[in-house]
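Have a look at the structure below, then the notes.
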Amino acid sequence: MKLFLIDAYALIYRSYYAFIKIPRINSKGVNTSAIFGFINSLEDILKRENPTHIAVAFDPHGPTFRHEAYEQYKAQREETPEVIKQSVPIIKNIIKAYNIPILEVAGYEADDVIGTIAKQAAKEDFDVYMMTPDKDYGQLVEDHIFMYRPRFGGDYEIMGVPEVLNKYGLTSTEQVIDLLGLMGDTSDNIPGCPGVGEKTAQKLLTEFGTIENLLANTDKLKGAQRIKVEKNAEQIRFSKFLATIKTDVPIQFDANLYIREKPDVEQLTKIYTELEFRTFINKLSEEVKKPLPKQPLQGDLFGLFEVETTSASKYSTLADLRSISHKYYIADTEQKQNDLASFLENQEFFAFDTETDNIDPLNAGLVGMSFAVKENEAWYVPVPENSIEADKVVSRFSPALENEKIQKIGQNIKFDILVLRKYRVKVAGPLFDTMIAHYLLNPELRHGMDYLAETYLKYKPIPIEELIGTRGKKQLSMRDVPLSKISEYAAEDADVTLKLRNYFAPELKKEGIDSLFYDIEMPLIYVLTDMEATGVTIDTIALKQSSEELSIVMVALEKEIYEMAGKKFNINSARQVGEILFDHLKIEEKAKKTKTGNYSTSEDILEKMRGKHPIIGKLLEYRGLKKLLSTYIDALPELIRPTSGKIHTSYNQAVTATGRLSSTNPNLQNIPVRDELGREIRKAFTADNTNCIFFSADYSQIELRIMAHLSNDQHMIDAFCSGADIHAATAAKIYGVPLEEVTSDMRRKAKTANFGIIYGISIFGLSERLNIPRAEAKELIDGYFQSYPRIREYMDESIANAKEKGYVETIFKRKRFLPDITSHNAIVRGYAERNAINAPIQGSAADIIKVAMIRIFNRFEKEKLKSKMILQVHDELNFNVYKDELETVKQIVLEEMEGVIKLQVPLIADCGEGTNWLEAH
DNA sequence: ATCGGGTCGAG
DNA sequence: CACTCGACCCGAT
């Protein structure tokens with residue numbers, strides 16, 4: 001099959017200028033050069049090439065994405081000649097009369113549309129010919145895609161891959177972009193690199209392959225050329241962007257719409273008569289007799305039922321094409337809902353999304369649900385506000401949602417599972433969360449659906465503001481959005497989610513992270529959902545009492561501080577504190593400043609000044625109390641849900657760069673423990689009731705053990721295998737003394753060194769941290785590497801590995817990309833190097849505890865325990881345990897935590913229990 | 001109202 | 001110039 005795609009403006013301009021010296025003017029004085037030339041070319045193709053499929057692409061009226069990025073784009077090109085402006089509508093009418101579809105997409109130029117359609121059609125057994133004289137189309141040429149360039153004298157040049165490569169001396173057609181990016185293109189106003197023409201550009205590309213590679217290796221260039229390239233690096237990059245034809249325009253190739261049809265002779269005769277194109281009128285009578293090219297069979301679809309029309313001309317603009325390109329339905333009757341539900345029950349997967357009246361899932365009421373099974377097709381099910389009615393509707397979908405065989409696809413699906421839980425639906429079966437898929441593919445990017453849709457689908461979903469108004473102004477509840485709007489929005493969400501899954505699933509496989517995704521992250525969703533829904537009990541009364549006591553102390557402290565300072569100020573303002581200390585009281589001459597120029601008053605700095613003035617101690621005390629009071633003591637009771645009487649944190653599975661979870665609303669992963677007052681807060685986290693006990697288990701030195709395993713350092717492995725206190729053992733080695741003679745100071749320093757190593761610490765950093773001279777810090781580190789010789793090698797290997805591959809990975813193949821590892825800026829590079837060391841360690845620990853959580857959860861379910869996992873704090877798991885289950889729980893938890901993976905060192909978990917979190921530790 | 005900076009809680 | 005986070009407060013916009 002043969003598809004012709006015509007760049008209309010390119011041909012129109014060419015025709016116009018071809019006749020510029022002797023324009024064709026008819027008796028009414030109309031300049032018909034452009035129209036005549038265009039029809040001539042069109043007729044020529046139809047006759048010569050007899051395409052089976054055809055379409056014509058126009059540039060849209062408004063600005064395109066290129067204009068948005070570069071206002072000068074095509075600015076220097078003179079205004080479109082008046083004649084052409086007048087000719088375009090006539091030409092469009094002629095094309096319509098030919099029954100040829102017109103493609104026009106707002107925001108994209110014709111070449112982007114042609115590029116997109118060409119790539120799609122080439123995958124469907126078409127030979128695609130792009131008719132245009134513009135050389136930038138060369139970048140699109142591939143196996144079944146050709147350029148069809150008109151040449152002067154009425155013949156054509158067909159350029160396939162070898163022709164393009166030969167003509168420009170390139171090794172791949174994509175290099176056409178680089179070529180244009182370097183040499184520029186005056187007709188498109190692409191600046192390129194000044195002083196670089198076609199020849200130089202070819203030479204540079206032969207050597208470097210791509211612009212990126214060239215710019216990364218300018219040090220290999222000589223003299224003036226190097227300066228030229230380096231000076232214009234940004235412009236070159238931008239030129240490449242401008243020269244790049246997009247192949248992901250939001251348009252779907254549908255062969256049926258492009259099928260060649262007979263022209264509407266009557267209509268054409270009318271137009272040609274008006275234009276006085278007698279020769280064309282004469283040709284028309286012959287044309288109509290000619291048979292159309294044979295269309296290959298389209299499968300069963302057309303045999304089965306009568307298709308009302310396959311006429312492409314019916315859909316002559318993209319807007320029309322798009323309006324039929326998706327079908328969103330509303331299932332608002334019992335009949336429709338039952339039909340939809342049983343349809344879903346027979347699928348292997350479906351995407352779904354919930355619309356709610358609250359962004360907090362535990363507090364949200366269902367407004368509707370949407371489902372998608374096939375791209376561009378989705379259903380919206382409105383859910384009534386009345387809970388009895390709502391249950392009725394929702395329950396129709398329970399069999400589908402609870403079916404263990406059907407994969408559920410969602411964006412942040414934990415939210416939807418939590419919402420449905422309140423409607424007694426227990427979502428089950430394999431999951432596919434597009435947010436988490438993207439998190440694994442690109443941990444440090446954003447993972448919002450709108451962002452994903454725009455980036456990977458080139459599609460901008462309806463913004464939520466369009467439904468409920470912009471934030472700041474009074475917002476509508478989802479409940480008040482009219483059905484016609486919310487259904488489109490919701491159905492689109494399910495549709496987009498499905499499309500994202502189709503995009504990400506192969507990517508996960510390609511990156512080798514599919515097992516991490518399907519075997520760890522997806523099952524973990526059910527675990528987190530359960531933990532969040534369960535919640536943790538807080539002793540409010542104890543907290544209230546602490547609050548009152550502390551408030552009294554704080555008021556007194558405040559008064560003392562004002563007296564010492566000699567005036568009132570805001571103690572909570574770091575800036576004002578700095579001014580009081582350094583300008584007003586002049587406690588210290590040399591003061592460290594923050595990057596914004598204020599005095600730094602952070603804890604470590606104040607701690608060093610403690611002896612200089614009594615106000616320092618008071619300030620530190622005030623700050624400590626204020627933090628505890630506002631962040632924990634006063635805040636936590638506010639977060640208790642009346643529905644459960646407990647606190648329910650939310651775990652975010654797609655935030656950290658290393659693979660850890662994070663906790664919000666509230667953050668239960670930073671509850672104080674280190675000092676005495678903070679511990680009071682831990683005490684307030686209790687078991688649910690007197691039949692229960694708080695049980696806590698945590699990995700012993702998991703990161704250091706992973707370090708020992710990954711580095712293969714026999715000394716560290718031996719230390720762990722002997723069961724010794726690792727910090728004391730390290731101290732003994734560094735200081736060369738027997739284990740019994742290690743002092744607490746030696747152990748403290750060795751412990752700091754152990755942690756520092758994991759973070760890739762420097763001599764300077766260690767000396768700061770331990771408050772010791774640099775020389776001593778150096779000795780410590782030297783001693784460390786002598787004690788554990790393979791550690792240093794491992795660190796160097798990690799960095800080299802990151803440089804070579806661009807990323808590092810954990811034991812379970814979780815990746816972290818480190819593009820800065822090759823930076824010429826030592827600070828930036830240093831940061832990346834420390835990440836190269838730290839990420840595999842911290843990330844592997846995160847992977848391990850995730851696996852443990854899944855296994856523990858599954859065993860609890862299998863053995864039908866009432867006890868629940870309630871908190872995860874990176875290397876620690878906490879449980880509300882029924883007393884009669886304590887031994888079972890302890891056994892399961894330790895067994896699963898320690899048995900996740902066999903490392904070269906034992907994986908050890910310690911545990912404890914008590915009435916509250918503090919006691920359990 | 002919103003956002004960035006500073007500080008500090010945790011592993 | 002030690003890695004990973006989130007919450008609170010201030011103060012500028």
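Contacts classified as salt bridge (charged side-chain N to carboxylate O under 4.0 Å, His left out) and involving residues 626-637 of chain A (residues at least two apart or in different chains) are not found. Listed by first and then second residue, the side chain to side chain donor-acceptor pair (under 3.5 Å) pairs involving residues 777-788 of chain A are A:Thr730-A:Tyr788, A:Asn754-A:Tyr784, A:Lys778-A:Asp782 (not counting sequence neighbours).
Among the atoms of the strands shown, none is found under 4.0 Å from any heavy atom of A:Tyr699.
Partners of A:Lys868 according to the salt bridge (Lys or Arg N to Asp or Glu O under 4.0 Å) rule, which considers only residues two or more places apart in sequence or in another chain, are A:Asp530. With sequence neighbours left out, A:Tyr599 forms a ring-ring contact (aromatic ring centres under 6.0 Å, His included) with A:Phe582. With sequence neighbours left out, the ring-ring contact (aromatic ring centres under 6.0 Å, His included) criterion links A:Tyr831 to no other residue. Taking the ring-ring contact (aromatic ring centres under 6.0 Å, His included) definition, one finds that A:His648 meets it with nothing, sequence neighbours left out. Residues forming a ring-ring contact (aromatic ring centres under 6.0 Å, His included) with A:Phe695 (at least two apart in sequence, or on another chain): A:Phe879. Legend: residues meeting side chain to side chain donor-acceptor pair (under 3.5 Å) with A:Asp745, ordered by chain and number and at least two apart, are A:Arg748, A:Lys749.
Within a heavy-atom distance below 4.0 Å of DNA chain C, the residues of residues 751-762 of chain A found are A:Thr752, A:Phe755, A:Gly756, A:Tyr759, A:Ile761, A:Ser762. Taking every heavy atom of residues 626-638 of chain A and every atom of DNA chain B, pairs under 4.0 Å involve A:Lys627, A:Tyr632, by number. Residues of residues 670-679 of chain A having a heavy atom closer than 4.0 Å to DNA chain B, listed by number: A:Asn670, A:Ile671, A:Pro672, A:Val673, A:Arg674.
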Under 3.5 Å, which donor-acceptor pairs link side chains of residues 701-713 of chain A to any protein atom two or more places apart or in another chain?
| unit_1 | atom_1 | unit_2 | atom_2 | d |
| --- | --- | --- | --- | --- |
| A:Gln701 | NE2 | A:His727 | NE2 | 3.3 |
| A:Arg705 | NE | A:Ser700 | O | 2.7 |
| A:Arg705 | NH1 | A:Pro906 | O | 2.7 |
| A:Arg705 | NH2 | A:Ser700 | OG | 3.2 |
| A:His709 | ND1 | A:Gln904 | N | 3.0 |
| A:Ser711 | OG | A:Met707 | O | 2.8 |
| A:Ser711 | OG | A:Ala708 | O | 3.3 |
| A:Ser711 | OG | A:Asp713 | N | 3.2 |
| A:Asn712 | OD1 | A:Gln904 | NE2 | 3.1 |
| A:Asp713 | OD1 | A:His715 | N | 2.9 |
| A:Asp713 | OD1 | A:Met716 | N | 2.9 |
| A:Asp713 | OD2 | A:Arg790 | N | 2.7 |

